[in-house]
Amino acid sequence: MAKRLGAQLFVSRLSTYITTKELEGLFSPFGVVTEARLITDPKTQRPKGFGFVTFQSEVEAQKALKALNCRMVNGRLIFVEVAKSEGPTQDASS
DNA sequence: GTTGAGCGTT
């Protein structure tokens, strides 16, 4: 079916000390990360603990998803899932 | 050095 450009992944349970570079560095080896975003609070200027990663390929996105889901980072277990908004990786088999 | 369950800002 129609493939969406940019597979977005939702990363949660991240440590408050993580940065976009950390996410980018974690997802980069699994695929081409076109966008790495962390949600931060303007009040505390600290990451909310979750973020989003956009891949150039859906296949790479799901590969990184399985690879980094339930994985220990910074001594914490993180969870990776397909993002709600935008077009998720509905089609990985052509 | 604080973790916590979640879905973000064009």
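Just so we're on the same page: letters track the sequence lines, and every chain starts at 1.
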[X] side chain: which of [options] is closest?
X	options	answer
R37(A)	dT3(B), dG8(B), dC7(B)	dG8(B)
T16(A)	dG6(B), dT3(B), dG8(B)	dT3(B)
R46(A)	dG6(B), dG8(B), dT3(B)	dT3(B)

Nearest-Å distance, [atom1] ([X]) to [atom2] ([N])?
X	N	atom1	atom2	answer
I78(A)	dG6(B)	CD1	C1'	14 Å
I39(A)	dG8(B)	CD1	P	7 Å
D41(A)	dT2(B)	CG	C1'	14 Å
L23(A)	dG8(B)	CG	P	16 Å
L9(A)	dG8(B)	CG	P	16 Å
F50(A)	dT3(B)	CZ	C1'	15 Å
L14(A)	dG1(B)	CG	P	21 Å

For A64(A) and F55(A), which heavy atoms make the closest approach, and how far apart are they?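 Between these two residues, the closest heavy atoms are CB-CZ, 3.5 Å.
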Is the shortest side-chain N to carboxylate O distance from K21(A) to E24(A) below 4.0 Å?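 Yes, K21(A) and E24(A) are salt-bridged.
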Taking the basic N atoms (NZ, or NE/NH1/NH2) and the acidic carboxylate oxygens, is any pair closer than 4.0 Å for D41(A) and K48(A)?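 The answer is yes: the pair qualifies as a salt bridge.
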Sub-3.5 Å donor-acceptor pair from the side chain of T34(A) to the main-chain atoms of T54(A), do we have one?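 Yes, because the side chain of T34(A) sits within donor-acceptor range (under 3.5 Å) of the backbone of T54(A).
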Go nucleotide by nucleotide along DNA chain B from the 5' end; which of L38(A) and K48(A) gets its closest nucleotide reached first?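 The residue whose closest nucleotide sits nearer the 5' end is K48(A).
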Nearest heavy atom decides the nucleotide; on that basis, is E35(A) or E81(A) closer to the 5' end of DNA chain B?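 The residue whose closest nucleotide sits nearer the 5' end is E81(A).
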Tell me whether the OP1 or OP2 atom of dT3(B) has a side-chain N or O from R76(A) closer than 4.0 Å.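 For R76(A), the contact criterion (side-chain N or O under 4.0 Å from OP1 or OP2 of dT3(B)) is met.
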